[in-house]
Asks: 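Supplied in structure tokens, the structure appears directly below.
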Amino acid sequence: MIQGIIPFSHELVKRAAKEGDIVVDATCGNGNDTLFLSYLVESSGQVYAFDIQQEAIDRTKQLLDEHKRNNVTLIKDTHANVDEYIKDKEVAAAIFNLGYLPKGDKKIVTKPESTLSAVKKLLKMLKKNGLIVLVVYSGHPGGQEEKNAVLEFVTALNQQQYTVLQYQFINFINNPPFVIAIEKK
Ligand SMILES: C[S@@+](CC[C@H](N)C(=O)[O-])C[C@H]1O[C@@H](n2cnc3c(N)ncnc32)[C@H](O)[C@@H]1O
């Protein structure tokens, strides 16, 4: 069976990160990816979860509390500042879920400049065979520009240093989301 976008993105991350690792949720939103990462790296690992909205931080905290997870550092700041929070540590995997907070303010969206700034910083922080996964949504205002900026950047990454994958349902209508995965060689 062909895997959906989110299960496929999680499957890739499962191959890159394991118990004890440091991982990043660059856009925690409702906390679903954060919770997944928290279980993946177990109590000896650490998740750094970013969002610029207090509402997202609160929802993620509530979800983590419900599951009694305590290996997550929640950070209300832009992911573009990721290097201010994670220093001298190698990151095994990072997830970006672009766009707006579901059931939130649709006008607050990820932006090309900060997204790419965070991706560039995380590429430097990744360990060998580490992975960055981006789930790219483009149907909202500004989404097309961000999609183009992400694609332009990742397409130009040196293949000696990185492997870049695009996973997409090509017969779906209405700007379906797709996955970009960058593995550091
Ligand atoms: C599609 S939602 C994330 C969904 C989330 N991964 C989940 O599992 O529910 C995108 C999130 O990115 C956040 N966001 C937008 N710009 C950001 C930035 N510069 N840094 C961190 N988060 C940002 C939004 O506030 C929103 O909550």
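For the single chain, residues carry numbers from 1 onward in sequence order.
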Asks: With side chains defined as the heavy atoms from C-beta onward, is the minimum distance between Q46 and K89 less than 4.5 Å?
Replies: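 Of all side-chain heavy-atom pairs linking K89 with Q46, none is under 4.5 Å.
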
Asks: Do T115 and L134 touch side chain to side chain, with heavy atoms closer than 4.5 Å?
Replies: yes

Asks: Taking T27 for its side chain and L98 for its backbone only, find out whether a donor-acceptor pair lies under 3.5 Å.
Replies: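 No; zero donor-acceptor contacts below 3.5 Å.
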
Asks: Show me the donor-acceptor pairs, under 3.5 Å and distance only, between side chains in residues 16-24 and residues at least two apart or in other chains.
Replies:
from, atom 1, to, atom 2, distance (Å)
D21, OD1, K127, NZ, 2.9
D21, OD2, K18, N, 2.8

Asks: Looking only at atom types and distance, does a side-chain atom of K184 sit under 3.5 Å from a main-chain N or O of L123, one as donor and one as acceptor?
Replies: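 Pair found, side chain donor or acceptor close to backbone of L123.
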
Asks: Can you see which heavy atom on D51 is nearest to which on G29, and at what distance?
Replies: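 So the minimum-distance heavy-atom pair works out to OD2-N, 3.0 Å.
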
Asks: Hey, any chance V47 and L74 share a hydrophobic cluster, counting ILVMFWY side chains that come within less than 4.5 Å of each other, even indirectly?
Replies: yes

Asks: Which heavy atom of G139 sits nearest a heavy atom of N175, and at what distance?
Replies: CA-ND2, 3.8 Å

Asks: Do you reckon I182 sits in the same ILVMFWY cluster as V136, going by side-chain contacts under 4.5 Å, direct or chained?
Replies: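 Yes, it is one cluster - the side chains of I182 and V136 are joined through contacts under 4.5 Å.
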
Asks: Kindly check if the number of other-residue, nucleotide or ligand heavy atoms within 6.0 Å of CD (Q159) is above 12?
Replies: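 At most 12 heavy atoms, drawn from other residues, nucleotides or ligands, come within 6.0 Å of this atom.
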
Asks: Evaluate the criterion side-chain contact (heavy atoms from CB on, under 4.5 Å) for residue pair L35 and L64; output intermediate values, then yes/no.
Replies: CA-CA 6 Å; L35 184 65; L64 294 168; 4.1 Å; yes

Asks: Describe, in one word, how the ring planes of F172 and F169 are oriented to each other, choosing from parallel (under 30°), tilted (30 to 60°) and perpendicular (over 60°).
Replies: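 F172 vs F169 ring planes: parallel.
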
Asks: Between Y48 and Y85, does the ring centroid distance fall short of 6.0 Å?
Replies: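 No: the rings miss the under 6.0 Å criterion.
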
Asks: Should we count NZ of K111 as having more than 12 external heavy atoms under 6.0 Å?
Replies: no

Asks: Any side-chain to backbone donor/acceptor pair from S117 onto E113? Under 3.5 Å, distance only.
Replies: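 Such a contact is absent between S117 side chain and E113 backbone.
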
Asks: Determine whether V41 and I95 fall in the same hydrophobic cluster, where Ile, Leu, Val, Met, Phe, Trp and Tyr are linked whenever their side-chain heavy atoms lie under 4.5 Å apart.
Replies: yes

Asks: Can you find a heavy atom in the side chain of N30 that is under 4.5 Å from one in the side chain of L63?
Replies: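 Side chain of N30 against side chain of L63, heavy atoms only: no contact under 4.5 Å found.
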
Asks: Would a single hydrophobic cluster contain both V82 and I75, if residues Ile, Leu, Val, Met, Phe, Trp and Tyr are joined by side-chain heavy-atom contacts under 4.5 Å?
Replies: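 As far as the 4.5 Å side-chain criterion goes, V82 and I75 are connected within one cluster.
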
Asks: For C28 and T60, work out which heavy atoms get closest and say how close.
Replies: SG-OG1, 3.4 Å

Asks: So does A80 get a backbone contact from the side chain of K121, meaning a donor-acceptor N/O pair under 3.5 Å?
Replies: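 Yes, K121 side chain to A80 backbone: donor-acceptor pair under 3.5 Å.
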
Asks: For E152, is the CD atom crowded, meaning more than 12 foreign heavy atoms sit under 6.0 Å from it?
Replies: no

Asks: Give a yes or no on whether K124 atom NZ has more than 12 heavy-atom contacts from other residues, nucleotides or ligands under 6.0 Å away.
Replies: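 At most 12 heavy atoms, drawn from other residues, nucleotides or ligands, come within 6.0 Å of this atom.
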
Asks: When rounded to the nearest 0.5 angstrom, what is the spacing between CD1 in I132 and CE in M125?
Replies: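 These two atoms lie 9.5 Å from each other.
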
Asks: Minimum heavy-atom separation for E42 and R69, please, with both atom names.
Replies: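 For E42 versus R69, the nearest heavy atoms are CA-NH2, 4.2 Å.
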
Asks: Other residues, nucleotides and ligands only: do more than 12 of their heavy atoms fall within 6.0 Å of CG on D88?
Replies: no

Asks: Okay, side chain of N158, backbone of Q160: is any donor-acceptor separation there less than 3.5 Å?
Replies: yes

Asks: Let me see the working for T110 and F96 under side-chain contact (heavy atoms from CB on, under 4.5 Å), right down to the final yes or no.
Replies: CA-CA 10 Å; T110 50; F96 289 74; over 6 Å; no

Asks: Quick one: does S9's side chain have a donor or acceptor within less than 3.5 Å of a partner on I6's backbone?
Replies: yes

Asks: To the nearest 0.5 angstrom, please state how far the CD1 atom of I180 sits from the CG atom of L165.
Replies: 7.5 Å

Asks: In terms of ring plane angle, is the pair F36 and H10 parallel, tilted or perpendicular, where the classes change at 30° and 60°?
Replies: parallel

Asks: Where the side chain of N71 meets the backbone of S38, is there a donor-acceptor pair that is under 3.5 Å apart?
Replies: yes

Asks: Got more than 12 heavy atoms from elsewhere within 6.0 Å of CZ, F178?
Replies: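 Yes.
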
Asks: How about V72 and D25: do any of their side-chain heavy atoms sit closer than 4.5 Å?
Replies: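 Counting from C-beta outward, V72 and D25 never come under 4.5 Å.
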
Asks: Please report the shortest heavy-atom distance between V164 and V154, naming the atom on each side.
Replies: CG2-O, 3.7 Å

Asks: Just how far is it from atom OG1 of T78 to atom NZ of K76, taken to the nearest 0.5 Å?
Replies: 11.5 Å

Asks: Kindly give the heavy-atom pair with the smallest separation between L122 and A94, and that separation in Å.
Replies: CD1-CB, 3.9 Å

Asks: Supply the atom-to-atom distance N81 CG to D83 CG, rounded to the nearest 0.5 angstrom.
Replies: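 Here the rounded value is 7.0 Å.
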
Asks: Any heavy-atom pair between the side chains of I2 and F8 that's under 4.5 Å?
Replies: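 Heavy-atom side-chain distance check fails, nothing below 4.5 Å.
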
